[in-house]
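Take a look at the structure set out below.
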Amino acid sequence: MADRDFDVVVYGATGFTGTLVAQYLAERSKNASFRWAIAGRTERKLEKVAAEAGLSDDVARIVADSNSPSSLAAMAARTRVVLSTVGPYARYGEPLVAACVAEGTDYCDITGEPEFVDMTRAKYHDAAEAAGVRLVSCCGFDSIPHDFGAWLCARALPSDQPMKVEGFVRSKGTFSGGTWHSAINAMSRLRETGQRRPPREPATDGRRVGGVKSGVHREPRLDCFAVPLPTIDPEVVLRSAATLPEYGPHFRYGHYARVKKVSTLALGAVGLGAILVGSQLAVTRNLLLKVKAPGDGPPPEERAKSWFEVVFLGESADGTTAKVIVGGADPGYTETSKMVAESALCLALDRDQLPARAGVLTTVTGLGEPLLARLRNAGLRFDVV
């Protein structure tokens, strides 16, 4: 690792989120010393991103393509960490993961696709663990706020007691074309992927972890309706809980959207249902995919108005309670680019402080306290109240 050319390579730097990551690292490099490069499919687009982000000539440009395994291997061999923003990951992600494992290179991404994470766990965990490689997915809004928020909430409760933690999400923001395409493709494969999902890792030391079985309900503690969210976040939380003893002998987690009005709840259900049904047929799926093109994203003025807050409420069997609030600005892009950039820097620069684990890891089990400190220093809110 020490004699590699770069600490971090941003793969997919010419995409919408990748460009934001490059801009963040450019600003970050003014006050921190690290070697980094941007990578993408064409030199022309890389030069355009470099000009827009004001990158110096010291930031190398690397041409690499998901359809060229040799280019991915060459890129991975030159860096300590590859940060990938190239999705949909279920379609484009595996060749890069394979290259990183083969070259002994750590990896992180911003996927929220269960199919992709399940694949990396099933096919690459053992090889990555044997090679001492950390593969850390879901390093953006999916799922850092939820993984770390649930962890902090569990740590505020007695570790010798069964406990329940619930996360309640509110946000204002929009999404890019890349996110839209990933979501539609994931929805179109729900039936197929649900049938072959691998079992969750067994919890260590005979402990138990599981979800909270609850439908839409009134939540008096927050004066809202709680709507179960079918995202990857609960699975990430439960994977962390299965590994770490601080989640207690029996840990349960529930994950919800916070909704104030019944009308909002009804409209959201109708809209999501229509998209889900439409994604199942090729004709309507293609129409949905045309709504937003890959690479499109919200402008700065729109992102400036966006925000998120997740409230975690925990209770242990002995009646002890805990509350954690995680929050920040625009979740999908401003904060996601910050979170994944700091995750990559953490993998590259904080290796001596990281948990002694390798393989396919969550952000909590793979990066833990060093990443939490970085995110707090970067302005994200992680408050135990």
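This structure is a prediction, so every number in the text was calculated from the model and none was measured.
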Checklist entry - Between Phe116 and Tyr107, what is the ring plane arrangement, given parallel below 30°, perpendicular above 60°, and tilted in between? => result tilted
Checklist entry - Are Arg28 and Glu342 within salt-bridge range, i.e. N to O under 4.0 Å? => result yes
Checklist entry - Between Lys30 and Glu27, is there a side-chain N and carboxylate O pair less than 4.0 Å apart? => result yes
Checklist entry - How far apart are the closest heavy atoms of Glu103 and Ala77, and which atoms are they? => result OE1-CB, 3.6 Å
Next on the checklist: For Val136 and Thr362: C-alpha separation, side-chain torsions, deciding distance, then whether side-chain contact (heavy atoms from CB on, under 4.5 Å) applies.
Outcome noted: CA-CA 6 Å; Val136 189; Thr362 68; over 6 Å; no
Next on the checklist: Salt bridge check, Arg221 against Glu166: does any charged N sit closer than 4.0 Å to a carboxylate O?
Outcome noted: yes
Checklist entry - Looking only at heavy atoms, which two atoms of Cys139 and Ile144 are closest? And how far apart? => result O-CD1, 3.3 Å
Checklist entry - side-chain contact (heavy atoms from CB on, under 4.5 Å) between Leu222 and Leu313: does it pass, once the steps are laid out? => result CA-CA 10 Å; Leu222 297 173; Leu313 301 177; 4.2 Å; yes
Checklist entry - Within 45° of the ring axis of Phe225 and under 6.0 Å from its six-membered ring centre, is that where the NZ or CZ of Arg218 lies? => result yes
Checklist entry - Which of these, Val165, Leu152, Val384, Val237, sits in a side-chain contact (heavy atoms from CB on, under 4.5 Å) with Phe312? => result Val165
Checklist entry - Under 3.5 Å, is there a donor-acceptor pair between the side chain of Thr336 and the main chain of Phe141? => result yes
Checklist entry - Does Glu129 come within less than 4.0 Å of Arg357, counting only side-chain N to carboxylate O? => result no
Item to check | Heavy-atom check, side chain of Val117 versus side chain of Thr111, under 4.5 Å | outcome: yes
Next on the checklist: Would you say that more than 12 heavy atoms from the other residues, nucleotides or ligands in this model lie under 6.0 Å from the CZ of Arg207, or not?
Outcome noted: yes
Checklist entry - With a 4.5 Å limit on heavy-atom distance, are the side chains of Val49 and Lys45 in contact? => result no
Checklist entry - Hey, what do you get for CZ (Arg35) to CG (Asp58), rounding to the nearest 0.5 Å? => result 12.5 Å
Next on the checklist: I'd like to know if the side chain of Ser68 and the backbone of Asp65 have a donor-acceptor N/O pair within less than 3.5 Å.
Outcome noted: no
Item to check | Separation of Ser84 OG from Leu72 CG (nearest 0.5 Å) | outcome: 9.5 Å
Checklist entry - Does Thr79 use its side chain to pair, donor to acceptor, with the backbone of Ala76 at less than 3.5 Å? => result no
Next on the checklist: Donor-acceptor pair, distance only, cut-off 3.5 Å: does the side chain of Asp7 make one with the backbone of Phe34?
Outcome noted: no
Checklist entry - Run the ring pair (Phe, Tyr, Trp, His ring centres under 6.0 Å) check on His146 and Tyr253 step by step: do they pass? => result CA-CA 11 Å; His146 316 100; Tyr253 180 68; 8.2 Å; no
Next on the checklist: When you measure from the side chain of Arg80 to the backbone of Asp106, do you find a donor-acceptor pair of N or O atoms at a distance under 3.5 Å?
Outcome noted: no
Checklist entry - After noting the C-alpha distance and the side-chain angles of Leu83 and Thr85, does the key distance pass the side-chain contact (heavy atoms from CB on, under 4.5 Å) rule? => result CA-CA 7 Å; Leu83 182 168; Thr85 63; 3.7 Å; yes
Item to check | SB check Arg61 Glu47 (cutoff 4.0 Å) | outcome: yes
Item to check | Check: Thr320 side chain, Ser316 main-chain N or O, donor-acceptor pair, under 3.5 Å | outcome: no
Checklist entry - Is there a donor-acceptor contact under 3.5 Å from the side chain of Asp330 to the main chain of Tyr333? => result yes
Next on the checklist: Can you tell me if Arg41 has over 12 outside heavy atoms packed within less than 6.0 Å of its CZ?
Outcome noted: no
Item to check | Stepwise salt bridge (Lys or Arg N to Asp or Glu O under 4.0 Å) check, Lys48 with Glu52 | outcome: CA-CA 6 Å; Lys48 182 174 182 290; Glu52 292 174 351; 2.7 Å; yes
Item to check | Nearest-0.5 Å distance that lies between atom CG in Leu354 and atom CG in Leu347 | outcome: 6.5 Å
Checklist entry - Do Arg258 and Glu309 touch side chain to side chain, with heavy atoms closer than 4.5 Å? => result yes
Item to check | Residue pair Tyr256 / Val169, side-chain heavy-atom distance below 4.5 Å | outcome: no
Next on the checklist: As a quick check of understanding, evaluate side-chain hydrogen bond (donor to acceptor under 3.5 Å, both in side chains) for Ser343 and Arg374, giving each step before the final call.
Outcome noted: CA-CA 8 Å; Ser343 296; Arg374 281 180 169 274; over 6 Å; no
Checklist entry - Is there side-chain contact between Val9 and Val81, with heavy atoms separated by less than 4.5 Å? => result no
Item to check | All ring pair (Phe, Tyr, Trp, His ring centres under 6.0 Å) counterparts of Tyr11, not counting sequence neighbours | outcome: none
Next on the checklist: How long is the straight-line distance from OG of Ser171 back to CD of Glu335, given to the nearest 0.5 Å?
Outcome noted: 12.5 Å
Item to check | Side chain proximity check, Glu246 to Leu157, heavy atoms < 4.5 angstrom | outcome: no
Checklist entry - Passes side-chain hydrogen bond (donor to acceptor under 3.5 Å, both in side chains), Glu115 versus Tyr89? Steps please. => result CA-CA 9 Å; Glu115 180 181 6; Tyr89 290 86; over 6 Å; no
Checklist entry - Do Ser306 side-chain atoms and Glu302 backbone N/O form a donor-acceptor pair below 3.5 Å? => result yes
Item to check | Atom pair CZ (Arg303) and NZ (Lys305), whose distance is rounded to the nearest 0.5 Å | outcome: 13.0 Å
Checklist entry - Should Lys323 and Asp383 count as an ion pair when the cut-off is N to O under 4.0 Å? => result no
Checklist entry - Taking the side chain as C-beta and beyond, is there a heavy-atom pair between Arg381 and Ile325 under 4.5 Å? => result yes
Checklist entry - Do Tyr124 and Met119 come close enough that some side-chain heavy atom pair is under 4.5 Å? => result yes
Checklist entry - Roughly how far, to the nearest 0.5 Å, is OG1 of Thr14 from CD1 of Ile38? => result 8.5 Å
Checklist entry - Hey, is the main chain of Gly15 close enough, under 3.5 Å, to the side chain of Thr19 for a donor-acceptor pair? => result yes
Next on the checklist: Keeping Asp109 on the side-chain end and Cys138 on the backbone end, is there a donor-acceptor pair under 3.5 Å?
Outcome noted: yes
